[in-house]
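Take a look at the structure below.
Numbering of ligands and ligand atoms starts at 1, following listing order. Numbering of residues begins at 1 and proceeds along the displayed sequence.
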Amino acid sequence: MNWATVPELDGPPILAIESSCDETAAAVVTGTRQIRSSVVHSQVAMHARFGGVVPELASRSHIMAIDPVVRAALEQASIGVDDLSAIVVTSGPGLAGALLVGIEYAKGLGLASDLPVVGVNHLRGHLLAAHAEVDEGFSPLEWPFVGLVVSGGHTSLVHCTAPDEIAALGRTLDDAAGEAFDKVAKLLGLEYPGGARIDRLADSGRRDALAMPRPMLRHAGLDFSFSGLKTWVAQHIEKHGVPEAEALADLCASFREAVCDTLITRALRACRQTGTRRLVITGGVASNSRLRSMALERSAAAGVRVSVPPRWLCTDNAAMIGICGYAEAISRVGHGFVGGDLDASPSWPPSMKIAPTRSVHVR
Ligand code: KG4
Ligand code: ZN
């Protein structure tokens, strides 16, 4: 797909839908860099009392929320369904039932309105969020770059040589970084999802208060492992009890430092190994304040240009899905409804080169 021939700005509007986990989201995008509206309905409060996402509840909640969320996105962009040229929807990876709600809604709307429907890889969406033109005056992506996607479900290092050419470099062998934040938060008695809460508490703590391990850093290669770090915290709590006040802030700061150090060290190693001087960091954990500041400091020192989207584009949203799928969607305009066979691909890795409009099961 040649992105150069597709409008970056002021192109035909497309609708983007995201429902892969616990956010129901819709957006209107009018170019590979232009977001006209973005609406996110979070289910976090509903899942909080269970300490994690309950797949069945997530699917049900998506069913309830999807139509109002899509209507709100169209309204915010001041357009109607008749103005749309195409629909893109996350088709994987994610929870099968949750993905299907978005996919079936997109297909229903596509069939009724004679629009093409295109499936988008959620992790590619996270990466290409960094291409969007946003208030902060973000510059466009330049290829090749190393991408670090860090979220509740994924911790992946990839090498992107073109918008649709992504090669896997490394991934977590156990917990994702966000999952590690959430599990440690649970050990500390903090509400799910605890990543942002640990981040806030850490701001008043000392980063070097506790000598936490840096998992896998002595190993060559680009994989991650965070479960040992979580076990370290569990054993510390077993010995000393759940910390409070200053000791809690110190533990949060030391833990945050260990995770961020591990992520940035690996990401810069990937840049060195691939000879790439551009790094994109995205996904929910990329909204971590220490990860953002450490990325800037250490990338500058290593001669690498780092790009981290604003927080609202790092956590799950449909605007990133629209940016990612725009070129593919535009190439299908004029053929009426296509994509009727699109199916959920719960474990679709970002590096798989597969035509999004074909139904693919990768297990
Ligand atoms: O990308 P995202 O919204 O959803 C997934 O695709 O997983 O990421 C959610 C994850 C959660 O684990 C949450 O705790 C974590 O991102 N997170 C953070 C912060 N904000 C969200 N982790 C660390 N620091 C933060 N400020
Ligand atoms: Zn995500």
Residues in salt bridge (Lys or Arg N to Asp or Glu O under 4.0 Å) contact with Arg171, at least two apart in sequence or another chain: none
Nitrogen or oxygen of Asp199 less than 3.5 angstrom from that of ligand 1: yes
Nearest-contact summary for atom 20 (N) of ligand 1 - protein heavy atom, Å: Ser287 OG, 3.2 Å
Charged N-O contact under 4.0 Å between Glu191 and Lys186: no
Connected via hydrophobic side-chain network under 4.5 Å: Leu109 and Phe337: yes
Arg292/Glu297 salt bridge by N-O under 4.0 Å criterion: no
Mind listing the side-chain donor-acceptor pairs of residues 14-31 below 3.5 Å, one per line with the distance, residues two or more places apart or on another chain?
residue	atom	partner	partner atom	Å
Glu18	OE1	Thr90	OG1	2.6
Glu18	OE1	His122	ND1	2.9
Glu18	OE2	Ser20	N	2.9
Glu18	OE2	Ser20	OG	2.6
Ser19	OG	Ala98	O	2.7
Ser19	OG	Gly102	N	3.2
Ser20	OG	His122	ND1	3.4
Glu23	OE2	Ser42	OG	3.2
Thr24	OG1	His62	ND1	2.9
Thr30	OG1	Gln34	OE1	2.8

Parallel, tilted or perpendicular: rings of Phe224 and Phe226 (30°, 60°): parallel
Residue Gly153 vicinity, atoms of ligand 1 by number, heavy atom under 4.0 Å: 7 (O)
Polar atom proximity, Gly194 to ligand 1 (N or O, under 3.5 Å): no
Element-labelled atoms of ligand 1 that are located less than 4.0 Å from some non-hydrogen atom of Thr315: 3 (O)
Proximity of Arg256 to ligand 1 by residue part, where a heavy atom lies under 4.0 Å: neither
Where ligand 1 meets Gly178 - atom numbers and elements under 4.0 angstrom, heavy-atom basis: 12 (O)
Within the 6.0 Å centroid threshold, strictly below: His131 and Trp143: yes
Qualifying ring pair (Phe, Tyr, Trp, His ring centres under 6.0 Å) pairs with a residue from residues 245-288, counting only residues at least two apart or across chains: Phe181-Phe255
Ligand-side contact atoms (ligand 1) for residue partner Asp182, heavy atom cut-off under 4.0 Å: 11 (C), 12 (O), 13 (C), 14 (O)
Test salt bridge (Lys or Arg N to Asp or Glu O under 4.0 Å) applied to Glu246 and Arg206, step by step: CA-CA 9 Å; Glu246 214 173 294; Arg206 291 170 300 146; 5.3 Å; no
Val146-Leu263 co-clustered via ILVMFWY side chain contacts under 4.5 Å: yes
Hphob cluster co-occupancy, Met46 + Leu95, side-chain heavy atoms under 4.5 angstrom: no
Part of Asn288 within contact of ligand 1 (heavy atoms, under 4.0 Å): both
Gly152 N/O under 3.5 Å from ligand 1 N/O: yes
N, O or S atoms of the protein lying under 2.8 Å from the Zn ion (ligand 2): His122 NE2, His126 NE2, Asp316 OD1
Mode of His122 contact toward ligand 1 - side chain, backbone, both, neither (heavy atoms, under 4.0 Å): side chain
Per-residue contact class, Asp316 against ligand 1 - non-hydrogen pairs under 4.0 Å: both
Within one Ile-Leu-Val-Met-Phe-Trp-Tyr cluster: Val54 and Leu99, side-chain cutoff 4.5 Å: no
Under 3.5 Å side-chain donor-acceptor pair for Asp182 and Tyr192: no
Pair Glu75 + Arg71, salt bridge at N-O below 4.0 Å: no
Heavy-atom gap Arg311 to ligand 1 smaller than 4.0 Å: no
Heavy atom of the protein closest to atom 15 (C) of ligand 1 (residue, atom name, distance): Val285 CG2, 4.0 Å
Identity and separation of the nearest protein heavy atom to atom 22 (N) of ligand 1: Gly195 CA, 3.5 Å
Atom 21 (C) of ligand 1 - nearest protein heavy atom and its distance: Gly284 O, 3.5 Å
